[in-house]
Amino acid sequence: MSKTPVIIVHGGAWAIPDSLAEGSVQGVRLASTVGYKVLGAGGSAVDAVEEAVRSMEDNPVFDAGVGSVLNADGEVEMDAVIMDGRDLKSGAVGCVQNIKNPISLARAVMEKTDHTLIVGKGANKFAEEVNAVTLPTNQLVTETARREWEELMKFRTTVTKLFSPRDTVQKESVPVAPGHDTVGAVALDTQGNIAFGTSTGGITAKRPGRIGDSPIIGAGGYADNNIGGVSTTGHGESIAKVCLAKHITHLMEGGMTPQTASETALTFMAKRVQGSGGVVVLNDNGNIGRHFTTERMAWAWVKDNVLHHGLNPGEDFSENVK
Ligand code: GLY
């Protein structure tokens with residue numbers, strides 16, 4: 001029996017500044033609509049999450065693709081992952097440079113190699129093999145990313161431990177991450193297949209070569225047709241420690257709703273490793289969950305031609321899809 005298609009996306013957690021707030025909301029509304037149209041035309045969940053994530057990678061507001069944040073050397077190193085819930089096949093890239101759409105390169109890893117994760121020079125070499133579209137650094141780096149980098153580099157010694165004001169444990173001596181983090185999407189198609197995709201420039205002033213949670217299966221996301229799908233955002237080291245996405249699908253497998261599982265897992269992460277973040281979640285019936293423990297997270301989801309979106313805690317606006 002045909003399923004009602006659903007897509008949910010996020011444009012990253014953290015204390016998104018007012019200057020990026022409106023752009024973030026518009027960006028997730030557009031990305032969810034783009035993905036929903038793919039599903040409405042009979043496209044697969046994998047196609048839908050790839051298109052939704054590409055839309056956000058091409059949008060300079062977000063920390064993925066164009067707009068990615070800078071590492072300690074002032075360079076862009078991006079991570080992305082995609083997973084097909086039919087057979088748990090996945091593909092990911094880490095620390096790639098000058099790639100316009102890392103999510104499509106991750107999909108090529110899934111479909112054209114025997115591997116699940118390729119990083120650094122090897123990933124860029126693979127990108128040449130599959131004719132991935134490249135962009136020069138000056139077209140990937142935005143003024144916002146450059147300013148964030150200059151600010152964060154002042155805290156060089158503690159920069160790998162970024163906290164949000166809403167953390168339960170906050171250290172006064174460390175900076176509050178000012179910007180944005182990671183984009184992602186989860187979709188359920190008419191065939192009942194679930195997929196997720198996540199893409200990021202990581203965290204500002206990270207050590208060169210650092211990979212966080214995003215391209216790691218079970219941390220940056222998870223998709224299993226029999227349970228549901230998750231895409232995560234937030235402090236990568238914390239998310240990886242608690243395998244946040246797999247934690248959520250495990251809770252759903254035990255009978256929790258996507259919303260309760262999201263809240264339970266993020267509360268656990270805050271208590272156990274003092275980390276903040278956000279998630280978007282779908283289960284195999286197309287019920288959604290979304291939650292964040294940072295100041296803000298741009299999110300949007302579409303089902304039955306109705307689009308919901310929000311940015312601040314407690315917000316849930318809705319409108320018909322045009
Ligand atoms: N959540 C993205 C990162 O920490 O790299």
Side-chain angles (χ1 to χ4, degrees), residues 9-16 24 53 56-57 62-65 67-73 75-82 92-97 99 102-103 106 117 119-120 123 145 148-149 152 158-164 167 174-186 196-222 230-248 262 265-266 269-270 273-281 290-299:
V9 310
H10 67 78
W14 285 133
I16 297 161
S24 299
V53 170
M56 291 186 280
E57 289 176 335
F62 298 117
D63 173 20
S68 287
V69 300
L70 306 183
N71 70 15
D73 286 348
E75 291 180 355
V76 171
E77 288 181 332
M78 299 170 288
D79 311 326
V81 62
I82 196 164
V93 290
C95 284
V96 290
Q97 297 194 291
I99 300 297
I103 192 71
L117 172 62
V119 305
E148 228 174 84
W149 178 76
L152 269 274
T158 52
V159 81
T160 56
K161 243 339 194 171
L162 300 179
F163 289 83
S164 156
D167 279 344
V174 297
V176 167
H180 47 317
D181 170 274
T182 310
V183 302
V186 187
F196 94 91
T198 301
S199 181
T200 190
I203 52 176
T204 299
K206 63 188 180 181
R207 283 179 186 271
R210 175 265 189 191
I211 289 177
D213 59 306
S214 297
I216 310 298
I217 287 297
Y222 202 75
V230 181
S231 172
T232 69
T233 165
H235 185 245
E237 283 71 9
S238 301
I239 293 170
K241 280 175 194 162
V242 302
C243 300
L244 183 62
K246 188 63 184 143
H247 189 152
I248 290 170
S262 304
L266 280 166
M269 188 170 93
V273 297
Q274 294 79 52
S276 314
V279 297
V280 292
V281 183
R290 78 274 185 294
H291 190 58
F292 51 98
T293 50
T294 53
E295 284 290 283
R296 287 170 155 170
M297 179 181 81
W299 57 268

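Worth saying up front: this structure is predicted, and the values here are computed from it rather than measured. Indexing begins at 1, ligand by ligand and atom by atom, following the structure's order.
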Colleague: Do ligand 1 and G236 have nitrogen or oxygen atoms that lie under 3.5 Å from each other?
Modeller: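 Between G236 and ligand 1 (N or O atoms, distance only) the closest approach is under 3.5 Å.
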Colleague: Between the main-chain N or O of D181 and the side-chain N or O of T233, is there a donor-acceptor pair closer than 3.5 Å?
Modeller: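 Answer holds: yes.
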Colleague: Using the side-chain contact (heavy atoms from CB on, under 4.5 Å) definition, which of the options V69, I203, D63, L70 pairs with E148?
Modeller: V69
Colleague: Hey, which atoms in ligand 1 end up nearer than 4.0 Å to a heavy atom of S214?
Modeller: 1 (N), 2 (C)
Colleague: Go through the steps for T200 and D79 under the test side chain to side chain donor-acceptor pair (under 3.5 Å), then give the verdict.
Modeller: CA-CA 5 Å; T200 190; D79 311 326; over 6 Å; no
Colleague: Check this for me, if you would: do E237 and K206 make a salt bridge, where the nitrogen-to-carboxylate-oxygen distance has to be below 4.0 angstrom?
Modeller: no
Colleague: Considering only non-hydrogen protein atoms, determine which one is nearest to atom 3 (C) of ligand 1 and report residue, atom name and distance to 0.1 Å.
Modeller: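 For atom 3 (C) of ligand 1, the nearest protein heavy atom is D213 OD1, 3.3 Å.
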Colleague: What are the atoms of ligand 1, with element, lying closer than 4.0 Å to any heavy atom of T182?
Modeller: 1 (N), 2 (C)
Colleague: Quick one: does any side-chain atom of T294 pair with a main-chain N or O of A13 as donor and acceptor, under 3.5 Å?
Modeller: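 No, the answer is negative, given that no donor and acceptor are paired below the 3.5 Å cut-off.
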Colleague: Suppose we measure from atom 5 (O) of ligand 1 to each protein heavy atom; which comes out shortest, and what is that distance?
Modeller: R210 NH1, 2.6 Å
Colleague: For ligand 1, is any non-hydrogen atom under 4.0 Å from D79's backbone (N, CA, C, O), its side chain (CB onward), both, or neither?
Modeller: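 None of D79 does.
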Colleague: Has ligand 1 got any nitrogen or oxygen that is less than 3.5 angstrom from a nitrogen or oxygen of G234?
Modeller: yes
Colleague: How long is the span from the NZ atom in K241 to the CD atom in Q274, to the nearest 0.5 Å?
Modeller: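 It is 8.5 Å, given to the nearest 0.5 Å.
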